[in-house]
Asker: 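One structure, as structure tokens, below. Some questions next.
Please read all numbers here as calculations on a predicted model, not as lab measurements. Every chain is numbered from 1, with letters handed out A, B, ... down the list of sequences.
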2 protein chains.
Amino acid sequence: MNAVVQSSFRALADPTRRDILIMLSDRDMTIAEVAAQFDMTRAAVKKHLNILEHGALIDVQPRGRERINRIHPEGFRPVLDWLGFFDGFWDDRLHALKSSIENKDT
Amino acid sequence: MNAVVQSSFRALADPTRRDILIMLSDRDMTIAEVAAQFDMTRAAVKKHLNILEHGALIDVQPRGRERINRIHPEGFRPVLDWLGFFDGFWDDRLHALKSSIENKDT
DNA sequence: TATGTAGGATACCAAAAGGTATCATGTCAA
DNA sequence: TTGACATGATACCTTTTGGTATCCTACATA
């Protein structure tokens with residue numbers, strides 16, 4: 001469980017990866033499509049996608065010879081759960097975020 | 001602003017730093033007190049505290065020759081705001097409900 | 001089939017990160 | 001004042017990380 005939290009936070013720690021998540025929140029994309037948005041090689045973007053997938057923040061679905069990368073909302077849960085440890089330190093905004101994700105697949 | 005988000009997420013990316021935050025959520029602690037909880041040198045812990053302070057997740061107040069480290073709840077705001085970008089993803093119904101509640105007093 | 005395109009994988013490199021050792025500074029207390 | 005203690009700061013080391021270059025595999029299609 002702690003390893004899950006770590007892989008999630010680690011995935012979120014890089015600005016390129018956070019940008020990828022923002023992009024994927026708009027629409028699903030292939031690796032090439034994601035890579036086209038950055039000034040770095042496809043291989044580098046692929047590594048970021050691997051880390052995001054390992055952190056369960058995205059899932060990857062093969063379609064023909066392509067790979068569709070899509071956001072995986074449940075993967076944010078460990079992060080929100082961890083942040084929930086600080087209940088009482090801030091206002092109700094977190095509670096709203098947290099409950100919305102917790103109830104998603106119930 | 002993006003730099004603020006980055007320093008927050010970066011500070012949260014290390015398990016030792018997250019453990020420190022959990023400890024400080026229970027009570028304020030000096031550097032030596034924090035360091036006593038870990039199997040590493042005080043200098044290493046101090047580096048972690050510097051990063052947490054830079055990310056505004058803690059604040060540090062001198063008291064005599066000691067330094068009191070305490071949690072800084074507002075520092076989590078950039079993280080929560082960024083995560084809030086995905087609100088619509090997690091559950092549209094709850095998101096609508098949440099928006100209506102949040103706008104109640106506008 | 002032949003060819004171009006999407007992706008996988010690995011070796012390699014530079015920079016950043018996490019850690020130690022060490023010494024300097026400031027303050028409490030006798 | 002003097003000694004002990006809490007902290008600050010820096011040099012140095014090793015591992016991890018983000019990136020490129022390169023080559024390989026798979027699949028769509030002319």
Asker: Within the 4.0 Å heavy-atom criterion, would you say Ala32(A) contacts the bases, only the backbone, or no part of the nucleic acid?
Answerer: sugar-phosphate
Asker: Rounded to whole angstroms, how far apart are NE2 on His54(B) and C1' on dA17(C)?
Answerer: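 His54(B) atom NE2 is separated from dA17(C) atom C1' by 15 Å.
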Asker: Just the rounded figure in Å: distance from P of dT17(D) to CG of Leu49(A).
Answerer: 17 Å
Asker: Between Arg17(A) and Ile31(B), name the one whose nearest nucleotide on DNA chain D is closer to the 5' end.
Answerer: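 Looking at the nearest nucleotide for each, Ile31(B) comes out on the 5' side.
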Asker: Whole-Å distance between dT7(D) C1' and Asn69(B) CG?
Answerer: 11 Å
Asker: dT20(C), OP1 or OP2 - any side-chain N/O from Arg42(B) closer than 4.0 Å?
Answerer: no
Asker: Can we say Arg77(A) and Glu74(A) salt-bridge, meaning some charged N sits less than 4.0 Å from an Asp/Glu carboxylate O?
Answerer: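 The answer is no: the pair does not qualify as a salt bridge.
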Asker: Over all strands shown, is Arg10(A) touching base, sugar-phosphate only, or nothing at heavy-atom distances under 4.0 angstrom?
Answerer: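 Sugar-phosphate contact only.
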Asker: Report the distance from atom CG of Leu12(A) to atom C1' of dT17(D), rounded to the nearest whole Å.
Answerer: 16 Å
Asker: Measuring from Leu12(B):CG to Gln6(A):CD, what's the distance to the nearest 0.5 Å?
Answerer: 10.5 Å
Asker: Could you label the plane-to-plane angle of the Phe76(A) and Phe86(B) rings as parallel, tilted or perpendicular, counting under 30° as parallel and over 60° as perpendicular?
Answerer: tilted
Asker: Respond yes when some side-chain nitrogen or oxygen of Thr41(B) is under 4.0 Å from OP1 or OP2 of dG19(C), and no when none is.
Answerer: no
Asker: Rounded to whole angstrom units, what separation is found between the CG atom of Asp39(B) and the P atom of dG18(C)?
Answerer: 17 Å
Asker: Mind calculating the distance between CG (Asp14(A)) and P (dT17(D)) to the nearest angstrom?
Answerer: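 Checked: the CG to P distance equals 11 Å.
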Asker: From the options dT20(C), dG4(C), dG18(D), select the nucleotide whose nearest atom is closest to the side chain of Arg65(A).
Answerer: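 In terms of side-chain proximity for Arg65(A), the closest of dT20(C), dG4(C), dG18(D) is dG4(C).
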Asker: Measure the CD1-CZ distance between Ile58(B) and Arg17(B) for me, rounded to the nearest 0.5 Å.
Answerer: 11.0 Å
Asker: Can you check side-chain contact (heavy atoms from CB on, under 4.5 Å) on Thr30(A) and Arg67(A), steps first, answer last?
Answerer: CA-CA 5 Å; Thr30(A) 66; Arg67(A) 295 241 163 177; over 6 Å; no
Asker: Below 4.0 angstrom from OP1 or OP2 of dG19(D), is there any side-chain N or O of His48(A)?
Answerer: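 The answer is yes; a side-chain N or O of His48(A) sits under 4.0 Å from OP1 or OP2.
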Asker: Which one, dA6(C), dG19(C), dA11(C), comes nearest to the side chain of Lys47(A)?
Answerer: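 So the nucleotide nearest the side chain must be dA11(C).
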Asker: How long is the line joining CG of Asn50(B) and C1' of dT7(D), in whole Å?
Answerer: 11 Å
Asker: Any base atoms under 4.0 Å from Lys46(A), or only sugar-phosphate, or nothing? Heavy atoms, all strands.
Answerer: sugar-phosphate
Asker: Heavy atoms from C-beta onward define the side chain here; which of dA21(D), dA9(D), dA6(D) lies closest to that of Glu66(B)?
Answerer: dA6(D)
Asker: For DNA chain D, whose closest nucleotide is more 5', that of Thr30(B) or that of Val45(A)?
Answerer: Thr30(B)
Asker: In whole Å, I'd like the distance from the CZ atom of Phe38(A) to the P atom of dT20(D).
Answerer: 12 Å
